[in-house]
Asker: 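I am attaching a structure below and will ask some questions about it afterwards.
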Amino acid sequence: MKILAIETSCDETAITVLEATGNIESSQYTLLGDSLYSQASKHSEYGGVYPSLAKREHQQNLVPLTTETLRQAGLLKQDSCNTITDDVLEPLRDESFKKAVNDFLETTEKPDIDLIAVTNGPGLEPALWTGVTFAQALSAAWDIPLTGIDHMEGHITSALLKKDLRTPNTYHITDTALPLLALLISGGHTELITMKEWFAYNLVGQTRDDAVGEAFDKVARLLGLEYPGGPEISAYATKARERGGENPITLPRPMLHEESCDVSFSGLKTAVLYLVRDMGELSQEDKENIAREFEDAARDVLVHKTKRAIEIQHPKTLVVGGGVAANTHIREGLEELVSHHPNITLHYPESGLTGDNAIMIGIAAYLRHSAGKADTEKELNARGSQSLAE
Ligand code: KG4
Ligand code: ZN
């Protein structure tokens with residue numbers, strides 16, 4: 001089965017074409033084409049993602065990236081002269097976007113694709129709508145079924161995906177032991193979710209305020225570092241650790257001793273704000289020490305709450321997904337935790353798959369399809385605050 005997947009939930013425009021075989025127990029994937037454009041540098045001056053800019057960028061990038069991805073997959077034939085009716089383009093709203101999509105669909109022959117998958121939430125609504133309406137237009141013009149995929153489900157499946165080292169661009173997912181506990185840590189989310197059966201989720205804990213990635217980004221901004229802040233903070237923290245010695249900075253670990261698996265990061269961020277204000281001009285070393293202590297505090301909170309969730313839920317698989325899953329210091333903390341639980345297998349995404357991408361959306365769509373749970377009938381809406389588990 002060939003799947004065209006589209007991801008536009010935040011500041012990455014991503015398109016993938018993959019071929020998938022197998023079933024929910026054991027599935028194999030060949031990446032036929034993949035394009036990703038990150039807008040991060042454009043949002044940098046705002047210190048975070050600026051929704052209307054993200055939407056405009058997605059509108060500009062979707063057609064060129066889809067063209068390029070189909071070309072990579074050997075599925076692009078642009079010698080047609082199709083007539084595109086108004087109802088196909090109507091949902092796109094914006095005139096220049098409509099024109100770009102119209103020109104693309106007029107000239108492009110229906111590709112050999114069996115299913116279109118698009119992220120329909122959670123995320124920034126204007127950004128999500130751009131991808132959803134684009135997917136609807138392709139689906140209607142080409143008469144290919146369309147399914148909506150939850151972005152966080154994508155992050156879970158991207159952690160389960162293993163590269164096949166013998167053949168380039170091939171991946172597989174095998175022997176996922178359930179129940180699965182997912183620690184989802186990104187710029188918009190911080191959640192502990194269980195999956196006892198495929199696609200049946202329960203919320204175990206979540207942030208009461210800021211997401212951990214958001215806290216990384218805000219603290220980075222307080223220290224005068226670039227957006228996205230996660231990798232910057234991490235690099236500064238590493239320098240402080242390499243220098244060694246006691247850290248003169250101390251920050252709180254919010255909610256560490258509370259019973260629940262919920263977390264909170266806004267107090268930690270505010271503590272950094274006051275600290276920075278009281279310290280006045282910061283030296284490079286001060287910044288590195290603050291980054292180190294902030295990263296330690298974030299790791300302590302996440303590892304401790306994951307430990308608690310393991311004790312309650314007894315998972316066989318622990319999955320860490322979302323942009324913050326790239327953080328090696330947090331990974332090491334989780335590895336240490338899992339070393340005390342030999343019956344749990346820990347998965348995190350391969351490098352290049354931690355951040356937002358369309359591969360994970362295509363894979364999640366295939367897994368859903370193979371479990372008979374890819375809904376292609378429902379009218380698709382973008383839902384900014386959609387949640388996998390209540
Ligand atoms: O999943 P993602 O790419 O987008 C969302 O869905 O939010 O996550 C982006 C977040 C940003 O907040 C970014 O600062 C953070 O992931 N991030 C990191 C690291 N790399 C990215 N946070 C901590 N350490 C990292 N190495
Ligand atoms: Zn994400």
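All ligand and atom numbering here is 1-based and tracks the order in the structure. The structure presented is a predicted model; accordingly, all values stated were derived computationally and were not measured. The first residue in the sequence is number 1, and the count goes up from there.
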Asker: Less than 3.5 Å apart, any donor N or O on the side chain of Q206 or D262 sitting next to an acceptor on the other?
Answerer: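 Note: Q206 and D262 side chains miss the donor-acceptor criterion.
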
Asker: Assess the pair Y46 and Y227: is the distance between their ring centroids shorter than 6.0 Å?
Answerer: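 No, the ring of Y46 stays outside the 6.0 Å limit from the ring of Y227, centre to centre.
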
Asker: Relative to ligand 1, is D217 under 4.0 angstrom through side chain, backbone, both or neither, heavy atoms considered?
Answerer: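 Side chain only; the backbone of D217 stays clear of ligand 1.
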
Asker: Looking at G213, which atoms of ligand 1 are within less than 4.0 Å of one of its heavy atoms?
Answerer: 12 (O)

Asker: In plain terms, say whether E214 and K218 are close enough for a salt bridge, that is, a side-chain N and a carboxylate O under 4.0 Å apart.
Answerer: yes

Asker: Hey, what's the ring geometry for F199 with Y201, parallel, tilted or perpendicular (30° and 60° as the breaks)?
Answerer: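 Plane angle over 60°, so perpendicular.
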
Asker: Quick test: of every protein heavy atom, which one is nearest to atom 6 (O) of ligand 1, and how far off is it to 0.1 Å?
Answerer: H151 NE2, 3.3 Å

Asker: With a heavy-atom distance limit of 4.0 Å, tell me whether H189 approaches ligand 1 through its side chain, its backbone, both, or neither.
Answerer: neither

Asker: For H329 and ligand 1, answer yes if some heavy atom of the residue is under 4.0 Å from a ligand atom, otherwise no.
Answerer: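 Outside the 4.0 Å threshold, so no.
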
Asker: Report yes or no: does H189 have an N/O/S atom closer than 2.8 Å to the Zn ion (ligand 2)?
Answerer: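 Here the distance criterion (N, O or S atom, under 2.8 Å) is not met by H189, so no.
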
Asker: Would you say S234 and ligand 1 have an N/O pair spaced under 3.5 Å apart?
Answerer: no

Asker: Report, in ascending order of atom number, the atoms of ligand 1 lying under 4.0 Å from any heavy atom of H155.
Answerer: 1 (O)

Asker: For atom 2 (P) of ligand 1, grab the closest protein heavy atom and report residue, atom and distance to one decimal in Å.
Answerer: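 Heavy-atom neighbour on the protein nearest atom 2 (P) of ligand 1: D356 OD1, 3.4 Å.
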
Asker: Could you tell me whether E68 and R71 make a salt bridge, using a distance below 4.0 angstrom between a side-chain N and a carboxylate O?
Answerer: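 Here E68 pairs with R71 in a salt bridge, since their nearest N and O are under 4.0 Å apart.
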
Asker: Once you measure the plane-to-plane angle for Y29 and Y366, does it fall in the parallel (<30°), tilted (30-60°) or perpendicular (>60°) bin?
Answerer: perpendicular

Asker: Just so I know, are the side chains of L128 and N120 near enough to count as touching, which here means a heavy-atom distance under 4.5 Å?
Answerer: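 Side-chain contact under 4.5 Å: no.
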
Asker: Compute the shortest N/O to N/O distance between P228 and ligand 1 and return yes if it is under 3.5 Å, no if not.
Answerer: no

Asker: Are any of the N or O atoms of N327 closer than 3.5 Å to those of ligand 1?
Answerer: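 So ligand 1 has an N or O lying under 3.5 Å from an N or O of N327.
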
Asker: Quick one: look up the protein heavy atom nearest atom 1 (O) of ligand 1 and list residue, atom name and how far away it is.
Answerer: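 It is G323 N, 2.9 Å.
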
Asker: Would you say ligand 1 has an N or O under 3.5 Å from any N or O of G322?
Answerer: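 Looking only at distances, the answer is no, because the N/O contact criterion of under 3.5 Å is not met.
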
Asker: In the protein, what heavy atom is nearest to atom 15 (C) of ligand 1, and what distance, to one decimal place, separates them?
Answerer: V324 CG2, 3.9 Å

Asker: Any side-chain to backbone donor/acceptor pair from D217 onto G229? Under 3.5 Å, distance only.
Answerer: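 Judged by distance alone, yes, a pair lies under 3.5 Å.
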
Asker: Which residue and non-hydrogen atom of the protein lie closest to atom 25 (C) of ligand 1, and at what distance in Å?
Answerer: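 Protein heavy atom at minimum distance: G230 C, 3.7 Å.
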
Asker: Run the salt-bridge test on E95 and K98 with the 4.0 Å N-O cut-off and return the result as yes or no.
Answerer: yes

Asker: Which atom name would you report as the N, O or S atom of D356 nearest the Zn ion (ligand 2)?
Answerer: OD1

Asker: Please could you name the atoms of ligand 1 that G355 approaches to less than 4.0 Å, counting only its heavy atoms?
Answerer: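 In order of number, 3 (O).
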
Asker: Closer than 4.0 Å to some heavy atom of G187 - which atoms of ligand 1 meet that?
Answerer: 5 (C), 7 (O), 8 (O), 9 (C), 10 (C), 12 (O)

Asker: Among D356, T8, T119, whose side-chain hydrogen bond (donor to acceptor under 3.5 Å, both in side chains) with H151 holds?
Answerer: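 By the side-chain hydrogen bond (donor to acceptor under 3.5 Å, both in side chains) criterion, H151 pairs with just one of D356, T8, T119: D356.
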
Asker: Only heavy atoms of G188, strictly under 4.0 Å: list the atoms of ligand 1 that pass.
Answerer: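 Those qualifying, in numeric order: 7 (O).
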
Asker: May I ask you to check whether T167 and D164 show a side-chain donor-acceptor distance below 3.5 Å?
Answerer: no

Asker: Between the side chains of E25 and T174, is a donor N or O closer than 3.5 angstrom to an acceptor N or O?
Answerer: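 Absent: no donor and acceptor within the cut-off.
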
Asker: With a 4.0 Å cut-off on heavy atoms, does G229 reach ligand 1?
Answerer: yes

Asker: Restricting to N/O/S, name the atom of H155 that gets closest to the Zn ion (ligand 2).
Answerer: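 Looking at H155, the N, O or S atom with the least distance to the Zn ion (ligand 2) is NE2.
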
Asker: Any luck finding a side-chain donor-acceptor pair between Q59 and T130 under 3.5 Å?
Answerer: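 Checked: Q59/T130 side chains show no N/O donor-acceptor pair below 3.5 Å.
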
